[in-house]
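Here is how names work: the chains are called A, B, and so on, in the same order as the sequence lines, proteins then strands, and each is numbered from 1. Scope of the values below: all heavy atoms of this structure, side chains included, with no hydrogens, waters or symmetry mates.
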Amino acid sequence: MSKHQRIYAVVRQIPAGYVATYGDVAALAHLPGHARLVGYALHALPEFSDVPWQRVINAQGKLSLGRAFPGGELHQRHLLEAEGIVFGANGKISLKHFRWQPPSHEPAHEDVLKAQ
DNA sequence: CGCATGACCTACG
DNA sequence: TCGTAGGCCATGC
């Protein structure tokens, strides 16, 4: 199983109406400190897939599509707002209220595999 | 194989 | 709040 597949498996666990940071996803995919790989994995994702990439944002509560896809942030914002996420006046999401907190402290690797 | 780049993070001024 | 520095590693030239 590739690291990308593990990352996608974790992102698929994020329920609508919640978000997670790149660092969170990396940790849950058992890749601590490899937040950058998460960004790269999502970048390599096809436009249409079953992975809710829009629910992954950076640790500052902002969208990070700026450098990769000009104008893509607006698209992502619309997707998130359609799921109930509310943006602040500064364009940031309140991680206090919308950050996804996984059921168990650290889901077993087997659970992630079973969810496939 | 080396080097630069990037949907990042944290710590520190 | 902003900028800088170090760390991370897959990908492309």
Side-chain angles (χ1 to χ4, degrees):
Chain A
M1 187 176 197
S2 73
K3 292 173 183 175
H4 277 203
Q5 292 306 313
R6 282 215 299 266
I7 291 169
Y8 298 152
V10 171
V11 176
R12 273 192 285 258
Q13 313 278 316
I14 307 173
Y18 290 87
V19 296
T21 69
Y22 293 92
D24 289 341
V25 174
L28 291 172
H30 293 178
L31 300 169
H34 298 181
R36 204 156 192 169
L37 288 190
V38 176
Y40 203 92
L42 295 184
H43 186 207
L45 209 53
E47 184 175 1
F48 297 102
S49 71
D50 59 341
V51 180
W53 56 268
Q54 72 273 19
R55 294 173 197 154
V56 183
I57 63 177
N58 66 28
Q60 300 162 34
K62 296 202 294 189
L63 309 182
S64 302
L65 282 172
R67 301 198 292 278
F69 299 102
E73 290 193 356
L74 190 59
H75 180 212
Q76 182 174 13
R77 174 167 178 156
H78 287 331
L79 288 174
L80 292 175
E81 288 177 333
E83 295 179 351
I85 304 287
V86 179
F87 285 72
N90 49 14
K92 302 207 305 187
I93 296 172
S94 171
L95 290 174
K96 280 283 188 182
H97 297 110
F98 296 106
R99 188 180 214 169
W100 174 51
Q101 293 171 7
S104 55
H105 184 266
E106 181 172 352
H109 191 201
E110 305 81 52
D111 291 334
V112 175
L113 293 177
K114 258 187 285 188
Q116 283 297 304

What residue pairs, at least two apart or across chains, pass side chain to side chain donor-acceptor pair (under 3.5 Å) with a residue in residues 80-93 of chain A?
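Sorted pair list: A:Q54-A:E83, A:R55-A:E83, A:R77-A:E81.
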
Along DNA chain B, first and last positions that approach a heavy atom of chain A under 4.0 Å:
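Contact span on the strand: B:dG6 to B:dT10.
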
Quick one: pull up [atom1] in [X] and [atom2] in [Y] and give me the separation to the nearest 0.5 Å.
{"X": "A:Q76", "Y": "A:L65", "atom1": "CD", "atom2": "CG", "result": "4.5 Å"}
{"X": "A:Q60", "Y": "A:I93", "atom1": "CD", "atom2": "CD1", "result": "12.5 Å"}
{"X": "A:E73", "Y": "A:S64", "atom1": "CD", "atom2": "OG", "result": "7.5 Å"}

Within the 4.5 Å heavy-atom criterion, are A:S49 and A:Y8 side-chain neighbours or not?
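When only atoms from C-beta onward are counted, A:Y8 and A:S49 do not touch, as no gap falls below 4.5 Å.
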
Close side-chain approach of A:L28 to A:Q13, heavy-atom, < 4.5 Å:
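With C-beta onward as the side chain, the pair stays apart.
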
Contacts of type ring-ring contact (aromatic ring centres under 6.0 Å, His included), residue A:F87, not counting sequence neighbours
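A:F87 satisfies ring-ring contact (aromatic ring centres under 6.0 Å, His included) with no other residue.
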
Considering residues at least two apart in sequence or located in another chain, which fulfil the ring-ring contact (aromatic ring centres under 6.0 Å, His included) criterion with A:H43?
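A:H43 satisfies ring-ring contact (aromatic ring centres under 6.0 Å, His included) with A:F69 once adjacent residues are dropped.
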
Would you kindly compare A:H4 and A:G33 by the position of their nearest DNA chain C nucleotide and give the one closer to the 5′ end?
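Per heavy-atom nearest nucleotide, the more 5' residue is A:G33.
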
So if you build clusters from Ile, Leu, Val, Met, Phe, Trp, Tyr with side-chain heavy-atom gaps below 4.5 Å, do A:Y18 and A:F98 land together?
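No, no single cluster joins them.
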
So if I define the base as every atom that isn't primed, P, OP1 or OP2, how would nucleotides 1-6 of chain C read as a B/S/- string at a heavy-atom cutoff under 4.0 Å?
------

Interface residues of residues 34-57 of chain A with DNA chain C (non-hydrogen, below 4.0 angstrom)
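A:H34, A:R36, A:L37, A:Y40, in order of number.
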
At their closest point, which heavy atom of A:A59 faces which heavy atom of A:T21, and how far apart are they?
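Shortest heavy-atom separation between A:A59 and A:T21 comes out as CA-CG2, 3.9 Å.
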
